[in-house]
Amino acid sequence: MYQRHLDTHVQRSLPQPIRIGVIGVGNMGQHHARVLSLLKDVEMVGVADINVERGLDTASKYRVRFFEDYRDLLPYVDAVCIAVPTRLHYEVGMTCLRSGVHALIEKPIAASIAEAESLVNAAAEYQCILQVGHIERFNPAFQELSKVLKTEKLLALEAHRMSPYSHRANDVSVVLDLMIHDIDLLMELADAPVIQLTASGSHASESGYLDYVTANLVFANGIVATLTSSKVTHRKIRRIAAHCKNSLTEADFLNNEILIHRQTTANCQTDYGQVLYRQDGLIEKVYTSNIEPLYAELEHFVNCVRGGNQPSVGGEQALKALRLASLVEQMALDGQVWHHLDREPHEFKSPMIAVS
């Protein structure tokens, strides 16, 4: 349709503005447009949305072109940010990649594993950058947490991601909407295949999708993890706790704060042996940068497009997260216990490959 010569990626490495468009300017797409308008060496060409009023309003705000049909945008851009409903990720993503356009697709990468695999294969075939919006990888709190844990013996992980009910992302379960973020982060921190999984969940709305899910994972290296995600909690929470041999590290992604708890045995005594006070614990606060995660994510995407480098969260990483998330969702619905030696449902690949 808009097939381009495969050598165009060489031309894009030249020091000229990267031409980018946004497909879908709903809740998340609005933020993509805002940040792209701030990035250096980026020309935001236009936005596309089937909601004409919303699309025109966004285009006017940033003084760019509006396209009701996203396919009409593709000849004018080098790359796009795709922020459409999950069920449309495959269709829109494939059209862009086949047109030789680099793509950042919001998470989850697709609505099914088969669709995600096709997107990954298409990115390789058409020599395009495919990045997926696992934005928490770019959260300064997570990046500092990763550095702290490199010097610790990690034993267990806890992740809590809670939100009040919202009409956004109501076409997927809480697993694919919220928990998939922490699935990706915990897989990165544990750095080992999952060998056992249990999960349970409940419905609180009429959507038919799970709204509250808790999952327990065991990794091949002995690390255990508990993840809890909710769409119906009356307070927003985004936290990961890392239980280590010599410390407890807590990362609060909302407040961009990391606290490290350590044990001590310090006493202060008088000359007569009387204990004046005992210090039972020490809390260290780790300072992080204030950069907006979406800004860092989009800047990374632009740099990958310009330099031809693979993104830190590409299609392969997103596919692993989706495979495990899909398994968590199924186990929560069925109430089963999954082991890596068990026979998997037909839609999954080999267990050790699927969730490693």
Begin from the C-alpha positions of Arg71 and Thr95 and carry the test side-chain contact (heavy atoms from CB on, under 4.5 Å) through to its verdict.
CA-CA 8 Å; Arg71 291 169 293 188; Thr95 301; 3.9 Å; yes
Between Glu250 and Lys285, does a salt bridge (Lys or Arg N to Asp or Glu O under 4.0 Å) hold up when you go through it step by step?
CA-CA 10 Å; Glu250 296 178 303; Lys285 184 173 182 178; over 6 Å; no
Look at the side-chain heavy atoms of Ile, Leu, Val, Met, Phe, Trp and Tyr, link any pair under 4.5 Å apart, and say whether [X] and [Y] land in one connected group.
X: Met179; Y: Tyr212; answer: no
X: Tyr90; Y: Val172; answer: yes
X: Met44; Y: Met28; answer: yes
X: Leu149; Y: Ile240; answer: yes

Are [X] and [Y] close enough that some pair of their side-chain heavy atoms sits under 4.5 Å apart?
X: Val101; Y: Cys128; answer: no
X: Ser163; Y: Arg238; answer: yes
X: Phe301; Y: His102; answer: yes
X: Val328; Y: Leu197; answer: yes
X: His134; Y: Ile180; answer: yes
X: Glu297; Y: Gln131; answer: yes
X: His243; Y: Glu158; answer: yes
X: Phe253; Y: Leu185; answer: yes

Could you tell me which non-hydrogen atom of [X] sits nearest to which non-hydrogen atom of [Y], and how far apart they are?
X: Cys96; Y: Ile82; value: SG-CD1, 4.1 Å
X: Cys304; Y: Pro311; value: SG-CA, 3.6 Å
X: Val92; Y: Tyr70; value: CA-OH, 3.7 Å
X: Ile291; Y: Ala296; value: CD1-CB, 3.9 Å
X: Ala321; Y: Asp184; value: CB-CB, 4.2 Å
X: Thr228; Y: Thr214; value: OG1-OG1, 3.4 Å

Result of checking Val286, Asn246, Ile283, Leu248 against Ile260 for side chain to side chain contact (heavy atoms under 4.5 Å, CB included):
Val286
Test side chain to side chain contact (heavy atoms under 4.5 Å, CB included) applied to Ile23 and Val77, Val80, Ile105, Leu88, the passing residue:
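Testing Ile23 for a side chain to side chain contact (heavy atoms under 4.5 Å, CB included) against Val77, Val80, Ile105, Leu88 leaves exactly one candidate, Val80.
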Report yes or no: do [X] and [Y] form a side-chain donor-acceptor pair below 3.5 Å?
X: Glu152; Y: Thr249; value: no
X: Arg161; Y: Ser230; value: no
X: Thr58; Y: Gln30; value: yes
X: Glu106; Y: His89; value: no
X: Glu329; Y: Ser173; value: yes

Flag yes if more than 12 heavy atoms outside Ile50 fall under 6.0 Å of its CD1 atom; otherwise flag no.
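No, CD1 of Ile50 has 12 or fewer neighbouring heavy atoms, counting only those of other groups under 6.0 Å.
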So is Arg65 actually on top of Tyr76's ring, under 6.0 Å and inside 45° of the axis?
yes
Where do Arg19 and Asp78 land on the salt bridge (Lys or Arg N to Asp or Glu O under 4.0 Å) test, with the steps shown first?
CA-CA 5 Å; Arg19 300 171 301 160; Asp78 303 305; 3.0 Å; yes
Rounded at 0.5 Å granularity, tell me how far CG in Asn139 sits from CG in Asn256.
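Here the rounded value is 6.0 Å.
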Does the separation of the ring centres of His300 and Phe138 fall below 6.0 angstrom?
yes
Could you give me the CA-CA distance, side-chain angles and deciding distance for Ser229 and Asp177, then say whether side-chain contact (heavy atoms from CB on, under 4.5 Å) is met?
CA-CA 9 Å; Ser229 293; Asp177 180 28; over 6 Å; no
I would like to know whether Val45 and Glu43 meet side-chain contact (heavy atoms from CB on, under 4.5 Å); could you show each step before the answer?
CA-CA 6 Å; Val45 173; Glu43 178 189 353; 4.2 Å; yes
What's the verdict on salt bridge (Lys or Arg N to Asp or Glu O under 4.0 Å) for Arg323 and Glu117, showing C-alpha distance, side-chain angles and the deciding distance?
CA-CA 10 Å; Arg323 284 175 175 157; Glu117 289 174 336; 2.8 Å; yes
Check against side-chain contact (heavy atoms from CB on, under 4.5 Å), Leu227 and Leu217:
CA-CA 8 Å; Leu227 302 92; Leu217 312 178; 3.6 Å; yes
